[in-house]
Structures are given as structure tokens and as C-alpha cells.
Amino acid sequence: MAETIVCSHCGTPAPAGGPPPTWTYSVEDGAGRYYCDACARANIRAIEGRLDSAWW
């Protein structure tokens with residue numbers, strides 16, 4: 001069974017074919033996290049600054 005990918009910030013599920021290219025993938029403390037385009041856009045400066053999601 002395929003794993004359902006959801007946004008780590010808001011919980012929005014990715015489409016059936018997997019996360020679209022507009023989603024962001026980040027590794028925090030060794031764990032991979034996906035962020036939907038809306039959450040990534042709202043927090044892009046923190047993501048690019050490599051701040052953990054707990055800060056934003």
C-alpha cells in the first residue's frame with residue numbers, strides 16, 4: 001500500500017500521484033518533511049534560512 005504524503009505544517013494531503021513540484025521537501029533532525037505550496041510560500045524565508053518548523 002502506498003504511503004499518503006501530507007503537508008507537515010497544515011496536514012493537506014498530496015494528490016494521488018505524489019506531491020507536485022510546487023511542494024517543498026525539507027530534512028529536519030534526520031526526518032523528511034513535505035510542505036504544500038501554500039505553507040512553503042508563506043514560510044519560504046524560514047525554510048531557506050534552514051530554521052526548524054518549530055520556529056515558524
Side-chain angles (χ1 to χ4, degrees):
M1 180 187 278
E3 178 184 347
T4 301
I5 297 173
V6 297
C7 174
S8 294
H9 193 67
C10 71
T12 299
T22 54
W23 281 40
T24 300
Y25 180 78
S26 178
V27 177
E28 297 178 20
D29 296 324
R33 299 175 190 257
Y34 283 95
Y35 298 102
C36 69
D37 51 352
C39 290
R41 202 174 315 119
N43 298 290
I44 194 68
R45 294 186 78 160
I47 293 169
E48 289 179 346
R50 306 294 297 157
L51 295 175
D52 285 342
S53 58
W55 289 95
W56 43 277

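The first residue in the sequence is number 1, and the count goes up from there.
The two residues Cys7 and Tyr35 make their nearest non-hydrogen contact at SG-CA, 3.8 Å. When all heavy atoms of Ile5 and Pro19 are compared, the closest pair comes out as CD1-CD, 3.5 Å. For the pair Thr24 and Ile47, the tightest heavy-atom approach, listed with the atom from each and the gap, is CG2-CG2, 4.1 Å.
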